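Before any comments, here is the structure.
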Amino acid sequence: MSAAGKVVCVTGASGYIASWIVKLLLDRGYTVKATVRSLSDPNKTNHLLSLHGATERLQLFEANLMEEGSFDSVVDGCEGVFHTASPCVLEVNNPQEELIKPAVKGTQNVLCSCAKVPSIKRVVVTSSMASVVFNNRPRNPDVVVDETWYSDPVYCEESKLFYHLSKTLAEDAAWKLSRENGIDLVTINPGFVIGPLLQPTLNLTSEALLNLIKNGTGLFSDGVYRYVDVRDVALAHIQAFEVSSASGRYCLVGTVSTTTETLNILHKLYPALNLPGRGENENPVRPPYQEALPQVLKNACLTLRMLKSSQEQHMLGFGDPGGRFGGFGSMDGRNVLQGRR
Ligand SMILES: NC(=O)c1ccc[n+]([C@@H]2O[C@H](COP(=O)([O-])OP(=O)(O)OC[C@H]3O[C@@H](n4cnc5c(N)ncnc54)[C@H](OP(=O)(O)O)[C@@H]3O)[C@@H](O)[C@H]2O)c1
């Protein structure tokens, strides 16, 4: 598909994953209408405006998930919409207000705006493995978790997994609106996204990886991480739009690893690093089921970077010194999370 002259929209463009989607779209020649919450915050816009091709083909708009009609004028004239904006936090005081409403209402707002625009050929929504894995279905070594699985909202709520609940309800709302309005929808369901940052601030998963490296603190009580590289996630979004046969949901998980295994890989790769006690607090039991690994977009030749392959250095993104996040020893957050661009 030739992208020259094609106009697409990316919501939540200043975010970790969306910034990479914008970058890859610009690299391919698309004109990108990108939404941010605030045009006056340089931390949210400067890294986008400095991307190659941005001067000619990037337009920034203010839009808020909670405002009905906020996305109408942005999606107007687009062929594709990448809906990525959604609160990506785990700790909240008010799950309804801080997570569930913006995720669900925001998805409904964006999809309703899209329903009014005949030029839109496909909408790609950034969902999550959080809306795939979390339910009471029996698991054993023969069970494969794949895109046919759905998280159970009741299970998520009872387990106080409110981010997971927000993603599950938001994806459900997206599918409902796509059926009601005849919108061609594809969802991308990434696991725990790691890899280089384009924006100047840490997102949830980058910060979590940094905390793991600095003090051994894991983000999840079960100690299981479904890693996937942010560059693969961004490319998968674009392929989901460009490959006409793409449909349904795509789980994106490059490697399943426990906290202990992750620290062991890091220790092996970087013996000079003063890593914390490797998974001392964790029961290093692998999940008693298989995950469909790696998922590729059919016909799109997307092979995910694997944590334990020769690509692992790029996966974890050890790169040039940076010093921006005040890390530890000779390494810092930018170092740890930045890879080859
Ligand atoms: N990181 C992961 O491991 C991972 C895995 C699976 C799925 N996802 C999904 O991927 C998407 C992006 O996540 P990320 O990791 O890139 O996180 P991120 O950097 O925190 O990006 C989230 C984006 O959503 C925007 N947003 C939040 N609330 C909003 C609102 N009320 N109105 C408008 N925009 C709003 C944020 O805007 P501000 O910058 O103004 O706050 C930000 O641009 C989310 O849908 C997340 O659920 C992430």
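Counting starts at 1 for both ligands and their atoms, following the listed order. Just so you know, these numbers come straight off a predicted model, no measurement behind them.
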Nitrogen or oxygen atoms of [X] and ligand 1 under 3.5 Å apart:
| X | answer |
| --- | --- |
| Gly12 | yes |
| Leu65 | yes |
| Gly15 | yes |
| Thr205 | yes |
| Val193 | yes |
| Ala18 | no |

Atom NZ of residue position Lys121 - does it have more than 12 heavy atoms of other residues, nucleotides or ligands inside 6.0 Å?
no
If you count heavy atoms of other groups shown closer than 6.0 angstrom to CD of Glu56, is the number above 12?
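Yes, enclosed.
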List the atom of [X], the atom of [Y], and the distance in Å for their closest heavy-atom pair.
| X | Y | result |
| --- | --- | --- |
| Arg122 | Phe241 | NH1-O, 3.8 Å |
| Arg249 | Glu171 | NE-OE2, 2.7 Å |
| Val123 | Leu111 | CG1-CD2, 4.3 Å |
| Thr168 | Ala130 | OG1-O, 3.6 Å |

Element-labelled atoms of ligand 1 that are located less than 4.0 Å from some non-hydrogen atom of [X]:
| X | value |
| --- | --- |
| Ser14 | 39 (O), 43 (O) |
| Ala63 | 33 (C) |
| Thr126 | 9 (C), 10 (O), 11 (C), 45 (O) |
| Asn203 | 1 (N), 15 (O), 19 (O) |
| Phe192 | 3 (O) |

Region of [X] that comes within reach of ligand 1 [heavy atoms, distance under 4.0 Å]:
| X | value |
| --- | --- |
| Ser38 | neither |
| Lys44 | side chain |
| Lys167 | side chain |
| Ala130 | neither |
| Tyr16 | both |
| Cys88 | side chain |

Note the single closest protein heavy atom to [atom], along with its residue, its atom name and the distance in Å.
| atom | answer |
| --- | --- |
| atom 38 (P) of ligand 1 | Arg37 NH2, 3.6 Å |
| atom 5 (C) of ligand 1 | Gly191 O, 2.9 Å |
| atom 16 (O) of ligand 1 | Ile17 N, 2.9 Å |
| atom 44 (C) of ligand 1 | Thr84 O, 3.3 Å |
| atom 7 (C) of ligand 1 | Ser127 O, 3.1 Å |
| atom 22 (C) of ligand 1 | Ser86 O, 3.5 Å |
| atom 46 (C) of ligand 1 | Tyr163 OH, 3.4 Å |
| atom 6 (C) of ligand 1 | Pro190 O, 3.4 Å |

Report yes or no: is the cationic atom of Arg137 (NZ for Lys, CZ for Arg) closer than 6.0 Å to the six-membered ring centre of Tyr155, at no more than 45° off its axis?
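Checked: cation-pi criterion not met.
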What distance do Ser131 atom OG and Asn189 atom CG have between them, rounded to the nearest 0.5 Å?
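Reported to 0.5 Å precision, the distance equals 4.5 Å.
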Got a second to check how far Leu65's CG is from Lys105's NZ, nearest 0.5 Å?
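Interatomic distance, Leu65 CG to Lys105 NZ, rounded to 0.5 Å: 10.5 Å.
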Answer whether the closest heavy-atom distance between the side chains of [X] and [Y] falls below 4.5 Å.
| X | Y | value |
| --- | --- | --- |
| Val117 | Cys78 | no |
| Thr187 | Trp175 | yes |
| Phe82 | Leu25 | yes |

Can you spot which of Asp76, Asp72, Asn181 makes a side chain to side chain donor-acceptor pair (under 3.5 Å) with Lys116?
Asp72
Would you say Leu204 contacts ligand 1, with heavy atoms under 4.0 Å as the rule?
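Per 4.0 Å heavy-atom rule, Leu204 does not contact ligand 1.
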Determine the interplanar angle of the Tyr227 and Phe192 rings, folded into 0 to 90°, and report it as parallel if under 30°, tilted if 30 to 60°, perpendicular if over 60°.
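The rings of Tyr227 and Phe192 stand perpendicular, inter-plane angle above 60°.
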Pair Lys23 + Asp27, salt bridge at N-O below 4.0 Å:
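Judged by the 4.0 Å cut-off on N to carboxylate O distance, Lys23 and Asp27 do form a salt bridge.
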